[in-house]
Amino acid sequence: MLFDYETLKIIWWLLVGALLIGFAIMDGHDMGVCSLLPFVGKDDEERRVIINTIGPHWEGNQVWFITAGGAIFAAWPMVYATAFSGFYWALMAVLWALFFRPVGFKYRSMIHNPTWRKAWDWALFVGSFIPAVVFGVAFGNLFLGVPFSFNDHLVSTYTGSFWALLNPFALLCGLISASMLIMQGGAYLAHRTLDEVQNRTINYAAISSLVMAVLFVIAGVWIQSIDGYHITSPIDPQALPNVLNKEVTRQAGAWMANYHQYPLAWAFPVLGVIMPIVTAILLKARKTLSAFIASSIAVLSVIMTAGVALFPFVMPSSSDPRSSLTVWDSVSSHLTLMIMLVVVVVLLPMIVGYTSWAYSVMRGKVTKAYVREQEHSLY
């Protein structure tokens, strides 16, 4: 094998993180744009301008979401199985909300009726805002621990409920996620539009950026009072996965342990606070492309902040800490990880290359004149 088992486990932790970051940056700005749609667009023509900024790309950006889900299924099968049973109703809410997006894009402009189109505009809002909140709520619950446990046959039992997921800290994380994606979508929309639409977008996106920075700081302070998880038994990174072959305790301040051990990791939370503020400043200065880059760095930093704090835990258990799923014991076999890595090395550059080409070809401003010329188009 080209890489040993321990190295592959780390590589796949990084790859899953990269796919989640890619999803948040690419499909995240689509969700952010749709979350702004009913508020930034004041009439049908303006809303068609907004939709046309993401119309050619949103389906392609779904690849990041699908690929991230597929990677978790193949690389971390126990995480996939446990999460989809424990977060079942939350994920169903996301799925049902996401249904509104393809249907909304396809059917909105088929009938020239203001009520019809306005209804689909709000459907696109629901299909984008609700998933953004739920994704953040899920991350928040990881820090609190998820109520599941494994028996001796490695069959998991989930003892929580959907409403228990909606606790104050998780809802705060949901608001961070929503404001982050609205910032990302707003920066992109400001770069692709002009005049009144751009002006309103800049105002909303700048406010959302500052709100996100404040909420992120609050979450950082709050997490100091949340007991984290710590592995107290020796770990053999080369060993075959065995979820119950470890001892885990909950300790005050454990979620900050990696930051104390690796001081350079503080760059992520620092950038997570600074870059949204930079995004707001750049938006107000009409430097929209730079604002989108700053916003993307902020998204990366926030996700990496959570990832570094959780490592090596992927899905901690509040019912039985020993059942917590980690990078070391919830992965697929050595051979599976190696084969998947080869596939990723081949396919990921193709995805990045195609996406870059598509955005390059369809770059530029979307104007009212353009949508008037495309009166009979899908969007």
Side-chain angles (χ1 to χ4, degrees), residues 10 13-32 35 61 64-65 68 131-133 135-140 142-143 169-170 172-188 190-191 205-224 226 228 255-284 287-314 327 352:
I10 298 296
W13 179 79
L14 293 170
L15 283 175
V16 171
L19 291 171
L20 291 176
I21 291 168
F23 163 67
I25 290 175
M26 300 306 297
D27 201 26
H29 77 249
D30 294 340
M31 290 183 177
S35 296
N61 289 336
W64 291 97
F65 183 43
V133 172
F135 291 143
V137 167
F139 260 98
L142 293 181
F143 286 99
F169 180 75
L172 172 63
C173 293
L175 293 176
I176 293 172
S177 175
S179 58
M180 178 177 73
L181 297 190
I182 290 173
M183 170 191 68
Q184 182 74 356
Y188 176 78
H191 184 61
I207 292 171
S208 186
S209 301
L210 298 177
V211 167
M212 178 212 153
V214 171
L215 294 179
F216 189 57
V217 170
I218 293 173
V221 174
W222 192 337
I223 206 169
Q224 308 293 323
I226 296 175
W255 288 139
M256 305 305 297
N258 287 332
Y259 289 102
H260 296 315
Q261 188 173 358
Y262 305 104
L264 285 177
W266 280 102
F268 293 121
V270 169
L271 288 174
V273 175
I274 292 176
M275 296 314 290
I277 298 173
V278 172
T279 300
I281 293 172
L282 290 172
L283 283 170
K284 287 297 185 178
K287 298 183 182 298
T288 53
L289 179 58
S290 297
F292 181 75
I293 294 171
S295 176
S296 299
I297 295 173
V299 171
L300 179 150
S301 301
V302 168
I303 295 175
M304 284 303 299
T305 296
V308 170
L310 285 168
F311 186 86
F313 292 93
V314 178
V327 170
V352 174

Checklist line | Polar side-chain atom of S177 near backbone of V133 as donor-acceptor pair, under 3.5 Å | finding: no
Checklist line | From CD1 (I281) to NZ (K287), nearest 0.5 Å | finding: 12.5 Å
Notebook entry, point to check: Considering only heavy atoms from C-beta outward, does the side chain of M304 approach that of L271 to under 4.5 Å?
Noted result: no
Check: Can you tell me how far OG of S296 sits from CE of M183, rounded to the nearest 0.5 angstrom?
Finding: 8.0 Å
Next item on the list: Show the numbers, then the answer: is there a side chain to side chain contact (heavy atoms under 4.5 Å, CB included) between F292 and H191?
Entry: CA-CA 8 Å; F292 181 75; H191 184 61; 5.5 Å; no
Margin query: If you take the centroid of each ring, where Trp contributes its six-membered ring, are F135 and F23 closer together than 6.0 Å?
Written below: yes
Notebook entry, point to check: Looking only at atom types and distance, does a side-chain atom of W255 sit under 3.5 Å from a main-chain N or O of F143, one as donor and one as acceptor?
Noted result: yes
Check: So which heavy atom on K284 is nearest to which on A206, and how close?
Finding: CE-CB, 4.1 Å
Notebook entry, point to check: To the nearest 0.5 Å, how far apart are CZ in F313 and CG in L142?
Noted result: 12.0 Å
Notebook entry, point to check: Checking N61 side chain against D30 main chain: does a donor-acceptor pair fall under 3.5 Å?
Noted result: no
Next item on the list: Give me the one residue out of L210, L282, V214 that meets side chain to side chain contact (heavy atoms under 4.5 Å, CB included) with I277.
Entry: L210
Notebook entry, point to check: If you look at every heavy atom in A187 and A205, which pair is closest and at what distance?
Noted result: N-CB, 4.3 Å
Next item on the list: Starting at CG of L172, measure out to CZ of F216 and round the result to the nearest 0.5 Å.
Entry: 10.5 Å
Note to self: When you compare the side chain of L300 with that of I297, does any pair of heavy atoms fall below 4.5 Å?
What the structure shows: no
Notebook entry, point to check: With distance as the sole test, does T279 use its side chain to make a donor-acceptor pair with the main-chain N or O of S295 at under 3.5 Å?
Noted result: yes
Next item on the list: Evaluate the criterion side chain to side chain contact (heavy atoms under 4.5 Å, CB included) for residue pair Y259 and T305; output intermediate values, then yes/no.
Entry: CA-CA 10 Å; Y259 289 102; T305 296; 3.4 Å; yes
Margin query: Please find the pair of heavy atoms, one from Q224 and one from G220, that lie closest to each other, and give the distance.
Written below: NE2-O, 3.2 Å
Notebook entry, point to check: Does the side chain to side chain contact (heavy atoms under 4.5 Å, CB included) test come out yes or no for I10 and F311, once each step is laid out?
Noted result: CA-CA 10 Å; I10 298 296; F311 186 86; 3.6 Å; yes
Margin query: Rounded at 0.5 Å granularity, tell me how far CE in M180 sits from OG in S208.
Written below: 10.0 Å
Check: Nearest 0.5 Å, what's the CG-CZ distance between L20 and F139?
Finding: 5.5 Å
Check: Of the non-hydrogen atoms in A190 and L283, which two are nearest, and what is the gap between them?
Finding: CB-CD2, 4.0 Å
Check: Looking only at heavy atoms, what is the nearest atom pair of M212 and V302, with distance?
Finding: CE-CG2, 3.2 Å
Notebook entry, point to check: Which atom pair, heavy atoms only, marks the closest approach of A24 to L181?
Noted result: O-CD2, 3.6 Å
